[in-house]
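Convention: sequence-line order gives letters A, B, ...; per-chain numbering from 1.
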Protein chains: 4
Amino acid sequence: MAGSVNKVILVGNLGRDPEVRRLGSGDPVVNLRIATSESWKDKQSGERKEKTEWHSVVIFNENLARVAEQYLKKGSKVYIEGQLQTRKWQDQSGQEKYSTEIVLQRFRGELTLLDSRGGGGGEYGDDQGGGGQISRGGDFGSSSPMERRPAAPASGGGSKYGDIDDDIPF
Amino acid sequence: MAGSVNKVILVGNLGRDPEVRRLGSGDPVVNLRIATSESWKDKQSGERKEKTEWHSVVIFNENLARVAEQYLKKGSKVYIEGQLQTRKWQDQSGQEKYSTEIVLQRFRGELTLLDSRGGGGGEYGDDQGGGGQISRGGDFGSSSPMERRPAAPASGGGSKYGDIDDDIPF
Amino acid sequence: MAGSVNKVILVGNLGRDPEVRRLGSGDPVVNLRIATSESWKDKQSGERKEKTEWHSVVIFNENLARVAEQYLKKGSKVYIEGQLQTRKWQDQSGQEKYSTEIVLQRFRGELTLLDSRGGGGGEYGDDQGGGGQISRGGDFGSSSPMERRPAAPASGGGSKYGDIDDDIPF
Amino acid sequence: MAGSVNKVILVGNLGRDPEVRRLGSGDPVVNLRIATSESWKDKQSGERKEKTEWHSVVIFNENLARVAEQYLKKGSKVYIEGQLQTRKWQDQSGQEKYSTEIVLQRFRGELTLLDSRGGGGGEYGDDQGGGGQISRGGDFGSSSPMERRPAAPASGGGSKYGDIDDDIPF
DNA sequence: TTTT
DNA sequence: TTTT
């Protein structure tokens, strides 16, 4: 449908280390398991209660997948922005199942580290995007009027995967 | 967990009329089925492709449930803000299933009508919230310095459900 | 206008301690100064560059104002959700000036502490909203079908300002 | 600062036609003036009140600037996602002034048309991003496992500015 | 399975 | 004025 928005914003902690699969191309695809929770005081009992929600995140965005692979671990706190996707699959017994995931597509989504332990958080956006260093080379090296505005963080670079150092702002 | 955020933002269209259940209290709970979609041009074939994603939305927020019940119908375009929740259930054969929904809890979430047909869209927020006209009475009737700032939209009112007219800004 | 959304989401650090004013009613209004920044690698020089943006936040939401007053300090990292407002004012010389602020109105907005130092972050939403303990009393103490769904965090309570303990989920 | 987020989400209507400036490179930069508003019922007077907020949006993202130039006009309803930036300038009399704008940087931000008049809304994201057709060529034309997942909308293409048709999903 |  |  034209004119639609599908956006999920999470701030939470990883329940386990990132899981990395590798595509035929060598590109990493990273799965995260992220917990968010709410707590409140039960009016009846006066007890403090808490409910945790678990989210499955899949990162196809190559820059963000590499950042996740290198910098996230069990317990890390992250800001994640992606979109909802539900996919159908079959379990071993042939039963139809549905899974809803937060997906960061190629060139899309955001991932920001929020804990300072271990060397400091980092900030990564799809803005690093595009990725082709050819088109990006000139983008951020110019001194055009536009560039006098603060430039977006850049990525892309000389290697096949871009210069990952570009993605790491610390 | 302290320090977490769980937020979904959708702009899409209803695939069918809202489904309204009523709690023992008489409060409506509304289920929506919302489509978002993306389209892109396939680089290989040159064809324009489109993929639609369907979302299940559950509205417990009483003000927003009543607005949904009264103003939404199949085809309506809405802005929705809620949180992700996955719940487990069993199908007829006893199979465990999981469903992920976008939930608008009591006093939470947002719902904004975006189509102008039928008299114009409306805007409704959790800010109408709280809902007790007792506590709200003074909130919006004062002329305190704070109130010289634009007040949030108000709801609540004289009836059990509040004065629904308060929620309808058109 | 019917059908509009005005939302700002910030994750950043306080540049100084919160400033608290008090309304005639005794309600606190809190001003925050929050920094966000981006860093990128300049393609020309190869240098890493950084640009910081400063944001003025005004919290009218009473629960969140009290949380900000008590738990935030210079350096704190927070997640903030509010709306943009531009107001006109005159400086000493009578010059017209405009200031754009991120405002958390009564019953609106969100504030979540993100740093774990100093006792852990907390999570606070407008969902605590409504605030009148009269209307909220029953809301969270029931065992209605709806309440078997995870309830939203509660606030409100016995004192004029509600039981602030309800707002503190740790 | 590492670990920060600066995001504005607006749904509103253009108060006038887009203003297009052109950089030395020929790239368009588009300025929009967008209204959002809230309405509420005054508890004192019983009157319905409304307050409109005006926002200045600047689009450096080339794909989105071209879309804005071609498809938006006074009255159009749009979903916009950008970041807050305040810049200092001097008026004719040398007075220092500050302006806060919502900026869509290169490869960043989102713009979605929400009105159906005139042939339907369109959806455009930073995901179109990056834009180098070299890197994008293979991205969306492959039949790699990743691509069996729904691909993101693509842009970029054969011309200097990319194939703008790629950006127009209707 | 996280976090407080 | 923060943070890394």
Side-chain angles (χ1 to χ4, degrees), chain A residues 10-19 31-41 47-57 67-68 71-80 112-124 153 165 167-170, chain B residues 1-6 86, chain C residues 10-19 31-41 47-57 67-68 71-80 112-124 153 165 167-170, chain D residues 1-6 86:
Chain A
L10 300 178
V11 174
N13 296 72
L14 272 69
R16 53 178 185 239
D17 287 338
E19 289 171 7
N31 287 265
L32 305 177
R33 195 76 179 146
I34 294 183
T36 58
S37 84
E38 294 184 283
S39 80
W40 69 96
K41 195 172 178 179
E47 294 172 282
R48 180 144 291 286
K49 299 199 168 180
E50 182 169 16
K51 173 160 192 309
T52 296
E53 193 70 37
W54 286 97
H55 309 272
S56 292
V57 175
V67 166
Y71 296 98
L72 298 184
K73 59 179 185 297
K74 182 174 172 174
S76 295
K77 174 161 283 187
V78 286
Y79 172 96
I80 287 269
T112 301
L113 276 70
L114 295 176
D115 33 21
S116 39
R117 19 173 185 158
E123 181 190 350
Y124 321 95
D165 181 51
D167 297 325
I168 310 304
F170 51 78
Chain B
M1 169 190 335
S4 66
V5 173
N6 173 358
T86 298
Chain C
L10 299 178
V11 174
N13 295 72
L14 273 69
R16 53 179 185 240
D17 287 338
E19 288 171 7
N31 287 265
L32 305 178
R33 195 74 178 147
I34 293 183
T36 58
S37 85
E38 294 184 282
S39 81
W40 68 97
K41 196 172 179 178
E47 292 173 283
R48 180 146 290 284
K49 299 200 167 180
E50 182 169 16
K51 174 161 193 306
T52 295
E53 193 70 37
W54 287 97
H55 310 272
S56 292
V57 174
V67 166
Y71 296 97
L72 297 184
K73 57 178 186 298
K74 182 174 172 174
S76 296
K77 174 161 284 188
V78 285
Y79 171 98
I80 287 272
T112 301
L113 276 71
L114 295 177
D115 33 22
S116 42
R117 18 169 187 164
E123 180 190 350
Y124 321 96
D165 180 51
D167 297 325
I168 310 305
F170 52 77
Chain D
M1 166 193 336
S4 66
V5 173
N6 173 359
T86 298

Of the listed nucleotides ([options]), which one gets closest to any side-chain atom of [X]?
X       : options             : answer
A:Thr52 : E:dT2, F:dT3, F:dT1 : E:dT2
C:Glu50 : E:dT4, F:dT3, F:dT1 : F:dT3
A:Asn13 : F:dT3, E:dT3, F:dT1 : E:dT3

Query - C:Arg16 CZ to C:Leu32 CG distance, which is reported to the nearest 0.5 Å - result: 9.5 Å

Query raised in the report: Can you tell me how far CG of B:Asn6 sits from CG of A:Leu10, rounded to the nearest 0.5 angstrom?
Result: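 These two atoms lie 6.0 Å from each other.
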
Check the distance between [N]'s [atom2] and [X]'s [atom1] and give it to me in whole angstrom.
X        : N     : atom1 : atom2 : value
A:Leu72  : E:dT3 : CG    : P     : 13 Å
A:Leu114 : E:dT2 : CG    : C1'   : 14 Å
C:Asp17  : F:dT3 : CG    : C1'   : 15 Å
C:His55  : F:dT1 : NE2   : P     : 17 Å
A:Asp115 : F:dT4 : CG    : P     : 11 Å
C:Arg16  : F:dT3 : CZ    : C1'   : 16 Å

Query raised in the report: Name the one of A:Glu47, A:Glu50, A:Lys51 that satisfies side-chain contact (heavy atoms from CB on, under 4.5 Å) with A:Trp40?
Result: A:Lys51

Requested in this report: Heavy atoms only: give me the nearest A:Arg48-A:Ser39 pair and the separation to one decimal.
Outcome: NH1-OG, 3.1 Å

Query - Base of E:dT2 and ring of A:Trp54 stacked, centres under 5.5 Å, planes under 30° - result: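 By the stated criterion, A:Trp54 and E:dT2 do not stack.
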
